[in-house]
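In what follows, a structure is listed as structure tokens, so that the remarks can point back to it.
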2 protein chains.
Amino acid sequence: MRASSVSGKMGTECSSERKGFRVASRLGPASLVQSAAIARRYYLDGRSKVDIAEEFGLNRFKVARMLDHARESGLIRIEIGHPGLVDVELSARLQETFGLTRAVVVDTGDDNAETLRTQVGQFAADVLAEVIGPDDVLGIAWARSVGAMAKTLPRLPGVPVVQLTGAIALPGSGDSSFDIVRDVARAAGGPAYVYYAPIVLPNAAAASALRQQSDIARAFGQVPQVTKAVVGLGLCAPGGSTLYDALSERDHAELRELGVCAEVCGVFLTATGEPVRAELTDRVIAVGAEDLRAMPDVLVVAYGTAKLPAARAALRSGLINGFVTHATFARALLDES
Amino acid sequence: MRASSVSGKMGTECSSERKGFRVASRLGPASLVQSAAIARRYYLDGRSKVDIAEEFGLNRFKVARMLDHARESGLIRIEIGHPGLVDVELSARLQETFGLTRAVVVDTGDDNAETLRTQVGQFAADVLAEVIGPDDVLGIAWARSVGAMAKTLPRLPGVPVVQLTGAIALPGSGDSSFDIVRDVARAAGGPAYVYYAPIVLPNAAAASALRQQSDIARAFGQVPQVTKAVVGLGLCAPGGSTLYDALSERDHAELRELGVCAEVCGVFLTATGEPVRAELTDRVIAVGAEDLRAMPDVLVVAYGTAKLPAARAALRSGLINGFVTHATFARALLDES
DNA sequence: GCTAGATGTACTCAAATGAGCGGTACCGGG
DNA sequence: CCCGGTACCGCTCATTTGAGTACATCTAGC
């Protein structure tokens with residue numbers, strides 16, 4: 001009925017930067033509105049540019065250019081959001097920065113240790129459930145954070161579960177502390193290569209003897225088959241790890257001398273991520289650095305920013321390729337790198 | 001170095017609707033993060049799906065499916081925004097709902113009449129500057145809102161400017177009230193077909209005589225050439241229009257009888273948008289409904305929600321095809337339609 | 001008034017993309 | 001146990017899209 005084009009041989013300059021509210025586009029309000037209408041059709045209604053061009057009486061190139069301009073000028077905003085508690089932005093940055101196969105950062109509003117453990121554990125459980133396949137063999141290290149995961153684990157495919165380290169009785173929580181691996185094995189329903197043993201023994205001979213014990217030998221025999229491992233993170237400083245706190249003053253001195261910073265699955269690491277062989281290593285019931293390195297997927301579950309230096313060591317070591325943690329932890333890691 | 005795929009024959013179900021924070025996707029956190037990373041590459045970095053597929057070791061179909069899924073599940077949000085004071089969303093809705101060629105809705109936080117007049121006037125000026133071309137002929141009606149526009153008009157191409165109606169001296173603002181058309185003509189710099197005449201005369205004979213007057217006849221001679229007109233909006237009720245308030249009680253009665261609701265550029269309209277021929281019509285110095293209908297572009301500038309019924313009449317009339325107003329006005333129009 | 005550069009427009013061709021299809025693994029119910 | 005329903009994967013084919021290019025038009029500066 002009417003001529004209906006905004007385009008044509010017209011001055012499309014817009015005068016009104018007079019109040020400074022022209023954000024980026026130098027186009028007038030009418031083009032702005034048309035751009036918006038076109039953007040809506042394209043991005044929200046999913047119509048093709050050719051369609052839109054016909055509808056508005058333009059050619060498809062004009063439509064494409066208008067869309068380009070609209071995006072440049074910020075009229076169209078595309079956000080990759082937070083659907084829930086996972087901070088996908090942080091997760092992706094963590095993953096890319098440290099070359100991980102996967103990273104999941106949980107954004108708990110609260111940084112209370114209890115909340116963190118629960119939330120991080122829950123998401124670690126989700127990640128494990130997601131990545132585990134029927135042909136995998138699952139390795140589980142003893143750690144508080146892994147315990148938190150074990151408690152909320154859904155049903156898994158019936159994979160074998162292999163205990164990777166001995167345990168330590170936790171002072172507070174009595175019962176389940178020893179049963180982390182058993183809990184996981186129950187969730188899976190597959191064969192369980194588990195044993196009762198402390199992670200550290202008074203001397204190498206005792207440890208060696210214990211490794212001969214049938215359950216333990218059987219479990220260690222399965223270690224090379226492990227395809228997915230879930231491990232905790234210990235900082236080698238007072239209060240930084242249950243293992244460290246269970247060691248003697250002499251052990252502490254040795255670790256200090258060797259420059260040990262972190263402990264992952266019974267493996268001691270320097271700040272630069274080098275695995276260290278200590279006298280202590282022979283007294284530990286756990287897989288070795290080489291076993292760990294041979295596993296295709298090693299997922300670290302860690303919370304509490306005190307452990308940051310340990311996390312850095314672990315990330316540098318190349319022994320791990322997955323990380324589940326909380327937002328403050330991830331942010332600190334990224335800030336300092 | 002490591003196997004690095006989240007895909008494969010794995011259960012990708014996610015268990016944790018347990019706390020209800022799984023928004024829409026039933027995928028686990030790891031896929032979530034990967035989807036987000038892919039979405040970022042695609043939408044924000046503008047890479048192609050083939051590229052992304054290579055980078056992540058997937059095929060392009062998988063990438064496409066993940067993106068689709070991510071969009072459906074709300075991970076990717078696309079918003080068409082507010083760059084400045086123009087509410088593009090409302091503008092587009094107004095435009096589409098009433099089949100207009102253009103609509104611009106200004107979102108002034110404030111609904112003070114003074115603010116509205118200034119802001120709406122400013123954006124009307126922008127719109128006019130944007131759509132006017134060097135080959136246009138510009139018609140200007142006398143109206144307070146058009147006056148507000150005239151005051152902030154930037155330099156226009158040197159087009160002819162044609163006065164479409166007589167004027168009324170405003171009670172308050174002394175000087176510029178008569179000079180609206182002259183202001184516009186000055187901004188354009190082209191030939192000005194202007195005259196000094198009241199919009200309404202005591203009798204048809206006086207109006208007829210005045211129309212013979214050379215300036216006025218010259219201006220009316222140009223009316224068929226007009227390609228773009230800017231007009232105001234009057235509600236035919238006390239206080240709804242300067243024209244109405246200038247009329248006699250007899251005139252009011254006539255308009256009431258004829259069911260006149262609105263006045264646009266000297267043309268009286270019923271609530272359904274029918275132009276009405278009254279005795280009064282012969283006493284008005286203004287273009288007729290047919291002249292108005294013949295103009296390819298007629299832009300209404302209106303503010304103040306009291307005039308809503310008049311706006312509805314004008315929109316139904318088919319005489320106009322552009323609208324500049326403010327957010328509360330536009331919302332009310334859309335709500336009631 | 002004229003030329004150089006900027007801007008907008010139209011077109012071609014190759015790359016990117018989406019729709020739809022068949023094959024396959026998985027799941028829950030007979 | 002088999003069987004239909006479902007979801008996923010990888011593919012082909014037709015369409016859509018973007019990059020490059022050439023041409024028209026406008027603007028600014030001399």
Side-chain angles (χ1 to χ4, degrees), chain A residues 5-15 25-28 30-31 34-35 38-39 41-73 76 129-136 154-159 189, chain B residues 5-15 24-28 30-31 34-35 38-39 41-43 45-73 76 129-136 154-159 189:
Chain A
S5 171
V6 181
S7 69
K9 307 160 195 282
M10 301 177 176
T12 85
E13 287 290 323
C14 177
S15 65
S25 82
R26 285 163 48 259
L27 271 69
S31 316
Q34 194 174 37
S35 297
I38 288 174
R41 294 287 150 96
Y42 187 74
Y43 285 105
L44 270 42
D45 305 347
R47 310 258 312 270
S48 93
K49 298 183 190 184
V50 182
D51 253 26
I52 297 168
E54 274 168 24
E55 178 179 341
F56 285 81
L58 308 163
N59 70 27
R60 69 187 185 86
F61 302 99
K62 179 81 181 168
V63 172
R65 254 169 315 188
M66 287 178 80
L67 286 170
D68 286 349
H69 281 169
R71 240 186 350 195
E72 278 164 28
S73 71
I76 301 163
E130 183 184 4
V131 301
I132 198 94
D135 301 333
D136 277 314
R155 174 137 239 88
L156 296 180
V159 298
Chain B
S5 172
V6 181
S7 69
K9 307 162 198 283
M10 300 179 178
T12 83
E13 286 292 321
C14 178
S15 66
S25 83
R26 286 161 51 259
L27 272 70
S31 316
Q34 194 174 36
S35 296
I38 288 175
R41 294 287 150 96
Y42 187 73
Y43 284 105
D45 306 346
R47 310 257 312 270
S48 92
K49 298 184 188 184
V50 182
D51 254 25
I52 297 168
E54 274 169 22
E55 178 179 342
F56 285 81
L58 306 165
N59 72 27
R60 69 186 186 85
F61 302 99
K62 177 81 180 166
V63 172
R65 269 187 282 259
M66 287 179 79
L67 285 170
D68 286 349
H69 204 166
R71 235 181 354 195
E72 278 163 29
S73 72
I76 302 164
E130 184 183 4
V131 300
I132 198 95
D135 301 332
D136 277 313
R155 175 135 238 89
L156 295 180
V159 297

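Hydrogens, waters and symmetry mates are skipped; everything else that's a heavy atom, side chains included, is used. Letters A, B, ... are given to chains in the order of the sequence lines, protein chains preceding strands, and every chain is numbered from 1.
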Point to revise | salt_bridge(D68(B), R71(B)) N-O dist < 4.0 Å | key: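 Between R71(B) and D68(B) there is a salt bridge, with a charged N closer than 4.0 Å to a carboxylate O.
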Between atom [atom1] in [X] and atom [atom2] in [N], what is the gap in whole Å?
{"X": "Y43(B)", "N": "dA16(C)", "atom1": "OH", "atom2": "C1'", "value": "14 Å"}
{"X": "D45(A)", "N": "dG18(C)", "atom1": "CG", "atom2": "P", "value": "16 Å"}
{"X": "F56(B)", "N": "dC9(D)", "atom1": "CZ", "atom2": "C1'", "value": "19 Å"}
{"X": "R47(B)", "N": "dG18(D)", "atom1": "CZ", "atom2": "C1'", "value": "16 Å"}
{"X": "L58(B)", "N": "dG10(D)", "atom1": "CG", "atom2": "P", "value": "9 Å"}
{"X": "R60(A)", "N": "dC11(C)", "atom1": "CZ", "atom2": "P", "value": "11 Å"}
{"X": "Y42(B)", "N": "dG18(D)", "atom1": "OH", "atom2": "C1'", "value": "12 Å"}
{"X": "K62(B)", "N": "dA16(C)", "atom1": "NZ", "atom2": "P", "value": "21 Å"}

**Study point:** Side chains of M66(A) and F56(A) in contact at under 4.5 Å (non-hydrogen atoms)
**Key:**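 Heavy-atom side-chain distance check fails, nothing below 4.5 Å.
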Point to revise | Non-hydrogen side-chain atoms of I52(A) and L67(A) separated by less than 4.5 Å | key: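 Result no, sub-4.5 Å side-chain heavy-atom pair not found.
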Point to revise | Over all atoms of both residues, closest heavy-atom pair of A39(B) and I76(B) | key: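 Closest pair (atom of A39(B), atom of I76(B), distance): CB-CD1, 3.5 Å.
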Can you tell me which nucleotide in [options] comes closest to the side chain of [X]?
{"X": "V50(B)", "options": "dC13(D), dT17(D), dA16(C)", "result": "dA16(C)"}
{"X": "N59(A)", "options": "dA16(C), dA10(C), dG10(D)", "result": "dA10(C)"}
{"X": "S48(B)", "options": "dA16(C), dT12(D), dG18(D)", "result": "dA16(C)"}
{"X": "F61(A)", "options": "dT17(D), dG18(C), dT12(C)", "result": "dT12(C)"}
{"X": "K49(A)", "options": "dG18(D), dT12(D), dG10(D)", "result": "dG18(D)"}
{"X": "R65(A)", "options": "dG8(C), dG10(D), dC13(D)", "result": "dG8(C)"}

Review point. For the side chain of D45(B) and the backbone of R47(B), is there at least one donor-acceptor N/O pair under 3.5 Å apart?
Key: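 No, because the side chain of D45(B) does not come within donor-acceptor range (under 3.5 Å) of the backbone of R47(B).
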